[in-house]
Structures are given as structure tokens and as C-alpha cells.
Amino acid sequence: MSAKWVYFFGKDRTEGDGKNKNLLGGKGAGLAEMTSIGIPVPPGFTITTEACVQFYKDNKNYPAGLWDQVLAALATLETAMGKKFGDIENPLLVSVRSGARVSMPGMMDTVLNLGLTDESVKGLAKSSGNERFAYDSYRRFIQMFSDVVLGIGHHQFEHILKDMKNARGVKEDTELNAADMKELVEKYKTLVLSEIGRQFPQDPKEQLKYAIDAVFDSWNNQRAKTYRKINKMSDDWGTAVNVQSMVFGNMGDDCGTGVAFTRDPSTGEKVFFGEYLVNAQGEDVVAGIRTPEPIAKLQTAMPEVFGQLEEVYKKLENHYKDVQDIEFTIERGTLYMLQTRTGKRTARAAVKIAYDMVQEGLIDKRTAVLRVAPEQVDQLLHPMIDTSIKYDIIAKGLPASPGAAVGKAVFSAEDAESWAAQGEKVILVRAETSPEDIGGMHAAQGILTATGGMTSHAAVVARGMGKCCVAGCGAIRINEHQRLFTASGVTIKEGDILTINGSTGEVIVGAAKLIEPELSGEFAEILTWADTFRTLGVRANADTPHDSQVAREFGAEGIGLCRTEHMFFDGNRIDAVREMILADNEEGRRKALAKVKPYQKEDFLGLFTAMEGLPVTIRLLDPPLHEFIPHNDEEIDRVAKASGVSAEHLKAKATELHEFNPMLGHRGCRLGLTYPEIYEMQVYAIFEAACELVKQGKVVKPEVMIPLVGSYKELEILKDMTNEVAQETIARYGVKLDYLVGTMIELPRAALTANEIAEHAQFFSFGTNDLTQTTLGVSRDDAGKFLPIYVEKGIFKEDPFVSIDVSGVGQLVEMGVSKGRSVRPDLKTGICGEHGGDPDSIAFCQKAGLNYVSCSPFRVPVARLAAAHAALK
Ligand code: ADP
Ligand code: MG
Ligand code: MG
């Protein structure tokens, strides 16, 4: 006996399991399910995806038994409909519809009215008593079949139709009469003959076989293949084929066809949403041949049908417990459903619908949380461009930090600050940014850079600030000197208004219309539900009281990474920092550091206050010192004057500090070991600030983090120093204060020797930006030239700086956790790289057994949701 390839669906007998989309395809499963819950669906049968898979295995031959089963199902269908295929009295017509597991726009188009021939069209005219309708159906069939199966472009037919309408002086095809339709059929057939050298097929069974073949073939057409590649779908799934008896929306004014959503897919509002066309068939609604009517009109036009439709859509939503996207046809006042599937929706709608459905008792909170995609909600936290308007896009870079910004172009950080101080909104345009641009970046509405990747300085800092950024926009040519850039032949000068879209990477001339984000009550509520499901903690990367406050409002449970170097740039302190760097000996450095310390202490007072009661992880100074001194002549002169040293001296110092490979150079704990006084000053500032607040009765939880450790000995020395300073300070203030000392794991050697390191660390924070860079040997600041190509060629599935490289870097993280816990079972572990806000990476962190993730403040809601998903899945 051959396998079962064909499943019938009909009122009295539905063989397929409507839950089994893998076997029946999405469309077939929906048709079977609707039929089995008593919704009116024209009967038919589904050829399984397995049949398609077998067809390809057998060199494009039908698997044994398939055609016989098709003929048997056809016979059942004839009986059910009381009509016969190809009959000259009362012919059965069918549609042939493709349907993969998930809907695929690249797949074959549907063929309607199959079974019509020169003979059976007469039967249709007779049985319907409507000759115009019969020939309208036939001409539609010839066009669709020729297009989809015979490969004759549909525009050739549309051309003929247009000529006919012109000749008759009418605008719409509904105005053509029976004789016109007959004439069209003849013209179409002549076209087919001249195109393929033979008559349009006149045997209905042959037509059916051709159409099934075409659906099978369409699984491997170029469009479908490309679509699968982009959407990461398997080539092995195959498509189902649905053969379904026709119902007709084109029999007159009591007929029609439409598409609808059970709720508004863009706002989530609980209103029935859709469009329909009177006296029309199939794709007419979406094809834009005529302008469809809003569904609300159906209520007055055909109240009875609207009543049926209301009943059906409510039943469907209740059954699937989710928004449905439906297709229907009305034949002489009777409603038939032709498709149902889960409705796609915007982030805003997803949140509202999930929330409402819990209130309505349709779904539980767990389901609601899982219905909202973490990747999607990012949209809700940033101003967005109103995309209903067309804009003049001149370039496209990397979507480095989402949201949108409008402002006047400026070409230096200083200009950004001074223009902003005068109340101007500006976009900072730079080849790339460096830490000294922080002030300007803060002052700008958004940042546009010509080079650098998704984790370039500009991108990381912008995301941290929740500021829109387009990075690595190679298409813009910046002339900093003349203060302008060009792209696509357009020149944008200083002061010209432009818009950047950090969600798409687009650069737009002029001011686009922005929509303000709203962190709605419903969204906040769903996040609190998410919190009850997740086991991972969520912290924020924040350096200022303001950012900490934002993070806390978004639900951060502490700070996972405070980068102290950002504080070094603020205001006047940069002068003292530079003095320290320029000093020739320890004494000079200590003198300068003494000036920096009050500022640092003030910073920490602010941070601890904003985060009262929550842990705050402070990383001691990390970047190489040369980042703090100016490099161009103009800047050098300015700083020389301000700090009272000669420009020559400054230049010499810059040369001395120059490194070939700064990322692997004199930075991180290497600074702390060569210039202990720097770290010492920072640790004093931390503990004096903490002790002062404890004295005031506040709860402070400092966690001191030593960066770039590769050997336990580095950590041992710096940990001892930290403890000494801490103990001394705590004793001096006479308070009780618990604190932790830990390290970042961001070098492969640290992960490999994590057991040794854990002897000296109370916590590990995986710095996955550097760990990715050092494990892959890929410089994150230089990867822009090849990384996109690597992703395109599939060498990396995704940018490893965006989503953690699970099979490589992931192993080091897992190893670090298990080796670390082997000597210190209560070791606290977290991740503080950019990956901390990426949903896939968060899922990995859950599996790796980390205690928390830390991400930029504006990603905190995303991370809370993603952590809940990771725990629930
Ligand atoms: P798609 O996958 O592009 O949505 P479908 O297979 O759903 O293609 O077919 C498109 C449209 O054709 C349907 O929305 C419906 O209007 C019409 N259609 C398909 N099958 C039938 C049928 N048996 N009777 C009437 N109309 C049909
Ligand atoms: Mg459809
Ligand atoms: Mg690092």
C-alpha cells in the first residue's frame, strides 16, 4: 500500500489534523481546522508537503499512489458538490493553491476556476443562468493558468483587456458584458496558441496535473529560494497543494470577496478591520484593480452576510486565541471562508492585543508574554519616523542605534555642543567618533558616522544614551574642513536639516515626521508579568545618575557596568586628567589625580544615590591613556594653552603613547599595575562615596571590577590593593559596608584559567565585546570592511558583535562559568558586553547559567522580555 499523500476536507469528512501545519501546510491546516469547527469552507483536498518532498527525491516524478489518490479525492469532491469535473451541464471548478508551513510570498500564485474548457464554460453559463459570469470566469482562468503554469506573462493579457475597455469606452471590467467576455476568451486563446504553439489545454484532468506540477515546481523557483534564505527557512520542507471547489464572488452585486483582520494589526484596537469588493474574484482586492470598500460598509450593504462574518471571525479568534488574518468570498449572499492565519502586527499592536486578550480571559499571562517579540518592542522605546510619508533617502548605513532624529548637520563635537546650547537641534556627522566627542554626542539628536561597525564607539555610546545612530555609512563623503558631506550627488552643508533613521540606517534629506514613543501602561504591565517568569537578572550599563535613573525606571535591577573613563571627559576634569597623563613621574601624577578624585567621588555619590539599594558594578579605568589627549594640531594648541604646557611637549607625549594595536596594548588592569596610583584614587573615591552614604543611612552595594585580566596574578595584586583601600576607608568612616571585588572575563586566557582567577574574584562579568574580538582575532573597529561579506556568505550566521558566537565565544563563556564555580560555587556571573541586550544572546546566557545580563538603559525592557522568553521556552 502506498503512503497517504492526500487529505480531504469537507463538512462530512475531514481527514487532516488542522494543527499539523508541517504536513498540510499553513493554508491546508487552516482550511481543515475551520471545516472541523463548523465554519463554512468550500470542500477540497490537500496534497501533503511530504508528497512534494518525495516528488523531488524521485527526480520530479509523482510518488507511487499520488495521482490515484488525487483522482479518488476528486471523485469524493464531485459527490460532495453534486457536480462533475469538466461536465457540460453543471461543471465542478476548483482552485489550486500552494501552501508551505509558513506563508511564502515567493511561491506560486493561485489558479482559480480550473476545470473550465470551451465545453464546460457553456455548462457553467447554463447552471448559473449567467453567461457573462461564465465567460468572465473563463477569461480569468486562461490568464492565471497561462501566467502561472504556461509561463506567459499576465501583462500580455491585461493589455488585451485594457484595449477592450478602451474600445468600449468603459473604465472597469465589471462594465463589460457577456459578448465582450466571450471575445476576450477568444483573444486570450489566440495569444496562448501563438505563444506556446498549441491550444489551451482542454482536458480538465490534464489542467489539474499541470497546476499541481507548477505548485511543486514553484517550491524551487528563484524567488522562493531567495525568500527562504533571507528568512532562514529550510529547503527541505516542501509545499502542500490545496485543491478546493470554487465559490464565486463574481456572480453579481450580491457577491464579493474580501480580506480582514480580527483586530487592527497596526494599533491592536479591538475593531474588525478589512476591505472587500463587490462582484469580484480572488486577488482583485489586493491587486488594486478597483478600490476596495472598508469592511464597515458591508454592514449596511449586506447586513446578513456581515452578521455571518462577525460570527465567524469571533469564533475563529476564540478558537485560535489570537488575531486572525482571514480571506473570504460571498456567493449570492452566502459567506465562505477561504483562509485563516495568525495576523502579523506591529509592536504596538502586539502589546495591546496580548494585554487585552488576558483581560478578556482568552489567554494566560505566560502566553501573553510569549506573544510579544523582544526584538520588536525596541520600536516602542524610541521616536519613529512616520513611514506613511515618502522621503528623499540619499544613503544607507548600519542601523546602529534605533529611533529617528531630525536636526541640522554639524561636523564637530564642539559645534554640536555650542549649537545645542543655543537651542538648535543637531545631527553630529563624523567620519567616526572618539571618547572626546561624548559631550557633542550627548548634545546631538543623533549621530551619523561614515566608518565603524555595530560596536564602534559611536554605536555603543549612542545605544547607551538611547540616542539614534547610523554608523558606517560608507556612501557619505565627509569634508570636515568645508563642513559638508555628499551622498547620491546631494550636498549637505553645515546647518542643513537632515533626518537619520537608526532603525533602518537611512539618511534622509530634510525633516521627516516623527512619532513620539509611548511606554504605555499595557507595555509596562506586560513587562511586570515577564518579570515573574524570568530567572535571569537584568542590569544596565550606565555611567551617570541620569542614565541610572532612566535604567531604573525601565526596570534595571542594578548597574552591571559603569565605565569610569566616561567620567574623565566631563567638564573641567579632563584638564586634570591630561595633567596626570602629561606628568613625568609618580609624584606629578598623584598631584593631578588628587584634583580628579573629588570629581570621581561626586560621580559615585550620584550613581549610588540613583541606584540606592541595588548593586553597582564599577569598572576601574580601561582605555589606553592616549584616548584622553588630543591628536590634531588645533586641539593640541588649545589644550597646550589651557594646561600651560608647550604644544611640542603635548605632541611628544602623543607620539610616546602611540600604539600600533591599542586594543591589545597598554590598557585595562595593565594601567592599574603600571600606574597603581590611578586605580588607588578610583577605589578611594568609590569607598569614600559609599561610606558617606552609609553614614546617612543609605544602602549601597559597590562591586569593584578589574578589567582585562588574563592571569590570576594581575587580579591578586589589584584585589589586595582594593581590599586594603576599602578596609582602611571603611574603618576611617566607622561604618559597616559589604562590597564585592571581581573581574571581567574578556580574554580567552581568562576563560581558560577561570578556576585560578575565581580564587580571587567574587564575581565574573563576561565582557563579550572584547572576548569576541580576542577570540575571533577580529578587530571590532576594523571589521566593517569584511564582516558584512562574511555574514552574506554565511561564514557567520550573524554579526558576532551583535549576537554572540555561541559555538566559539559561547564555549569560553560556558567554560568560564563552570571552571569558576568549580572553586567558588557562589560565584556571581553576568554579561556586560553589547550582547546583553540581544535576545538570542540572552537565551544563550540563560542556558549558560549566568545570573544576570547587563545592557544599555533603553534595552532594559527588551532584555526583561527576552529573559522571560528564555526561561519559558
Ligand atoms: P495567497 O496565498 O496568495 O493568499 P490564496 O491561495 O489564498 O493565495 O488565493 C488567493 C485568493 O484567491 C483567495 O483569497 C480567494 O479570494 C481566492 N480563492 C482561492 N481559492 C478559492 C476558491 N476555492 N473559491 C473562491 N475563491 C478562491
Ligand atoms: Mg490567501
Ligand atoms: Mg573590555
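Computed from a prediction, not measured in an experiment: that's the story for all the values here. For ligands, and for the atoms within them, numbers begin at 1 and follow the listed sequence.
Crowding of L71 atom CG: a count of heavy atoms from other residues, nucleotides or ligands under 6.0 Å exceeding 12. Counting heavy-atom neighbours within 6.0 Å of K321 NZ, excluding the residue itself, gives a total above 12.
Using a 4.0 Å cut-off between charged nitrogen and carboxylate oxygen, E360 and K270 count as a salt-bridge pair.
Counting heavy atoms closer than 4.0 Å to ligand 1, residue L112 contributes side-chain atoms (C-beta onward) but none from N, CA, C or O. Contact annotation for Q339 and ligand 1: only side-chain heavy atoms (C-beta onward) come within less than 4.0 Å of the ligand.
From the protein, the heavy atom lying nearest to atom 16 (O) of ligand 1 is G282 CA, 3.3 Å. Nearest to atom 2 (O) of ligand 1 among the protein's heavy atoms is K27 NZ, 2.7 Å. When hydrogens are left out, the protein atom nearest atom 9 (O) of ligand 1 is T110 OG1, 3.1 Å; that is the closest non-hydrogen contact. Residue, atom and distance of the protein heavy atom nearest to atom 26 (N) of ligand 1 are L338 CD1, 3.3 Å. The nearest heavy-atom contact from the protein to atom 24 (N) of ligand 1 is V247 N, 3.2 Å. From the protein, the heavy atom lying nearest to atom 3 (O) of ligand 1 is E283 OE2, 3.9 Å. Nearest protein heavy-atom contact of atom 20 (N) of ligand 1 is S95 OG, 2.9 Å.
Remark: side-chain polar atoms of T257 are not paired, donor with acceptor, to backbone N or O of I330 under 3.5 angstrom.
Residue contact check for ligand 1: S245 places a non-hydrogen atom closer than 4.0 Å to it.
Residues F145 and Y188 keep their aromatic ring centres 6.0 Å or farther apart. Ring centroid separation for the pair F272 and F261 does not come in under the 6.0 Å cut-off. In this structure, Y7 has its ring center no closer than 6.0 Å to that of F45.
The Mg ion (ligand 2) forms the vertex of an angle spanning OE1 of Q339 and OE1 of E327; to the nearest 10 degrees it equals 90°.
Of the listed options Q281, E327, M246, E327 places a heavy atom closest to atom 4 (O) of ligand 1.
Ligand-side atoms of ligand 1 in range of R97: 5 (P), 6 (O), 7 (O), 9 (O), 19 (C), 20 (N), range being under 4.0 angstrom from any heavy atom. Taking a cut-off of under 4.0 Å to the non-hydrogen atoms of T257, the atoms of ligand 1 that pass are 16 (O).
The closest side-chain heavy-atom distance from S234 to R228 is not below 4.5 Å.
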Apply the test salt bridge (charged side-chain N to carboxylate O under 4.0 Å, His left out) to residues E89 and K126: give CA-CA distance (whole Å), side-chain angles for both, the deciding distance (0.1 Å), then the verdict. CA-CA 7 Å; E89 291 293 328; K126 213 185 287 170; 3.4 Å; yes
